[in-house]
Amino acid sequence: MLHALYFCRGIRYLSKYCPQRYAMIGEMLCKEQHDIVLLQEVWSEKDYLFLKKKLASCHPHSHYFRSGVIGSGLAIFSKHRIRDTFLYRYSLNGYPYMAHHGDWFGGKAVGMAILNLGSLTANVYVTHLHAEYSREKDSYLPHRVVQAWELQQFIRHTSAGADVVILGGDLNMHPQDLGNRLLRAYTGLQDSYLETAKFDGCENGMTLIADNPFISKKELVPFEKGIRIDYILFKGSSKADVHCDSMSTTKGSVPNHPFPYSDHEALTAELRLEPRTPAETGSDRQSKNKDSATGKLAELVDIVTEARTEVKVGLHCAERMRYTAARTGVMGLALLFLELVIAAVPYLALGAEQPFPRTSFYLLAVLCFAMLLTTSMLYIFYTMELKSLQEAEDQMRLGIGSLQEKLKGFRLAQLHNPSRRPPEVQEPGAFEPEE
């Protein structure tokens, strides 16, 4: 059996009751004795060190992933020895001038840890994607889609030698959102909530509920009761099958405490690992797959095409914003040049006096310089955003071409030999774009 827990945390000094809640979390984790614990929003390394000391006896192995200005907030605690770790920071993560949202400063990323679970090798991933602040006007959607694209690529290209793959984190996406469908379809990861044999938790597996005192109900509009945006995903391999025997979430309030652990509900999944014998592979494995490779490939082509369209929308928006920054910068440069001309009047025309009051002249010069500096920085930022969006769009174009070639091959095989079933989907290599 393998227990995996995901937790979402708060911001030190800004979140309410932060020290008390970390103490509550530490006590709960010591009591529950999970095999693997995945944490998000542990923004302060002091809080990580507190938990590390608290959990030293039950989770002797841990790692804190550092990224961005205030950190990625990602951490992992494990009963099993951590052999290796790696951190990949997403190329797009919001805007620095949206300081009240704070995502850009957090350096959102995906952390990977390689563990030994007996004779099996497990790749465990923990991540936190960009938040959705408005369902109707989601200006960060292209960024989140690119993050999902980079996440599935990172998992596919680093888990080739893994027997078990586990991903836990705050994806900030509903189950049927584009990025979520892209991630699960491309990697073959299964949702614990959908696969579990037993569930105990909030209605419909919601992890952000209206009854939580740390949640503003405005954040949930138009979903009055709550939303499900936190996940534990998993998949096996040719060497091992993974089954979710049970899953649970916290339900807001905590007994004997006036407030819950966090603004998000914690997820706990009990995963059962079964080594696969050679006799179970081949035809037995194919018979278990209900959907043919043709259907899955066609669906994936549609999903990637939809993602590419969304990235193109982000490209047009970034181009427009860069043009606005450039035009404003040119205006600032022209005003600064005019200031210099006015300043030179007393030197070019002997005896002439400065036509503007000295204080107003200096203030206008400072304003022009600040405008020029700000627009220059924005121009550089939007150029970087454009390059990241263009790279993701180009990768998606290549991926669609590769998938369409495989789809065409499957259909041709069916036409030439109708009685022969098309080859089943492989995990994960079947969807890997050709280099």
Side-chain angles (χ1 to χ4, degrees), residues 1-62 64 73-79 126 128 168-170 192-193 196-220 223-232 244-271:
M1 295 292 184
L2 174 68
H3 298 265
L5 175 79
Y6 154 71
F7 232 122
C8 179
R9 283 303 311 128
I11 303 174
R12 191 179 180 89
Y13 305 121
L14 296 179
S15 299
K16 294 180 179 179
Y17 314 113
C18 211
Q20 298 93 322
R21 286 191 285 146
Y22 271 112
M24 291 164 55
I25 290 173
E27 293 173 1
M28 186 272 294
L29 293 178
C30 288
K31 178 182 177 181
E32 297 292 337
Q33 295 287 314
H34 299 282
D35 288 275
I36 301 172
V37 177
L38 305 176
L39 304 179
Q40 290 80 48
E41 294 195 22
V42 186
W43 300 118
S44 171
E45 193 164 352
K46 291 182 179 179
D47 294 327
Y48 162 74
L49 294 174
F50 167 81
L51 288 175
K52 183 178 180 179
K53 183 178 179 180
K54 183 83 173 178
L55 304 177
S57 58
C58 57
H59 296 87
H61 309 286
S62 64
Y64 184 65
L74 306 176
I76 178 172
F77 292 85
S78 173
K79 288 184 177 181
V126 56
H128 188 184
D170 179 3
S192 295
Y193 175 72
T196 185
K198 179 182 178 182
F199 177 75
D200 178 27
C202 298
E203 181 183 356
N204 298 323
M206 292 183 297
T207 58
L208 207 61
I209 60 176
D211 294 337
N212 192 302
F214 299 129
I215 293 295
S216 171
K217 292 187 178 182
K218 293 181 180 179
E219 299 176 13
L220 300 177
F223 307 96
E224 296 181 358
K225 294 183 178 181
I227 54 179
R228 184 165 78 97
I229 58 175
D230 308 296
Y231 302 85
I232 296 175
C244 184
D245 287 342
S246 67
M247 183 181 180
S248 63
T249 71
T250 52
K251 301 176 183 179
S253 60
V254 179
N256 302 320
H257 291 282
F259 41 79
Y261 295 112
S262 177
D263 54 345
H264 289 228
E265 302 307 315
L267 304 181
T268 304
E270 185 176 339
L271 305 179

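Hydrogens, waters and symmetry mates are skipped; everything else that's a heavy atom, side chains included, is used.
When all heavy atoms of L271 and S192 are compared, the closest pair comes out as CD2-OG, 4.3 Å. Nearest heavy atoms, H128 versus E41: CE1-OE2, 3.1 Å.
Using a 4.5 Å cut-off on side-chain heavy atoms (C-beta onward), Y22 and V42 make contact. Taking the side chain as every heavy atom from C-beta outward, I36 and I76 approach each other to under 4.5 Å. With a 4.5 Å cut-off on side-chain heavy atoms, I227 and L220 count as touching. Taking the side chain as every heavy atom from C-beta outward, V37 and L55 never approach each other to under 4.5 Å. At least one side-chain heavy atom of N204 sits under 4.5 Å from a side-chain heavy atom of Y193.
N212 places a side-chain N or O within donor-acceptor distance of the main-chain N or O of S262, the cut-off being under 3.5 Å. For T196 (side chain) and M247 (main-chain N/O), a donor-acceptor pair under 3.5 Å exists by modelled atom type. The main-chain N or O of K198 is never found under 3.5 Å from a side-chain atom of S246 such that the two would form a donor-acceptor pair.
With sequence neighbours left out, the side chain to side chain contact (heavy atoms under 4.5 Å, CB included) criterion links F259 to Y17, Q20, R21, M24, F214. Take F77 and apply the ring pair (Phe, Tyr, Trp, His ring centres under 6.0 Å) test, not counting sequence neighbours, and it matches Y48. For the ring pair (Phe, Tyr, Trp, His ring centres under 6.0 Å) test, no residue two or more places apart in sequence or in another chain qualifies with F50.
Annotation: the span from D263 atom CG to T207 atom OG1 amounts to 9.5 Å, rounded to 0.5 Å. In this structure, NE2 in H59 is found 6.5 Å from CG in L29, a value given to the nearest 0.5 Å. Note: D35 CG to C58 SG = 11.0 Å, rounded to the nearest 0.5 Å.
Counting non-hydrogen atoms of neighbouring residues, nucleotides and ligands closer than 6.0 angstrom, the NZ atom of K54 exceeds 12 such neighbours.
E265 and T250 are linked by a side-chain donor-acceptor pair at a separation below 3.5 angstrom, with hydrogens and angles left out of the test.
Here the options are L267, I209, T268, D200, the test is side-chain contact (heavy atoms from CB on, under 4.5 Å), and the partner is T249; only L267 passes.
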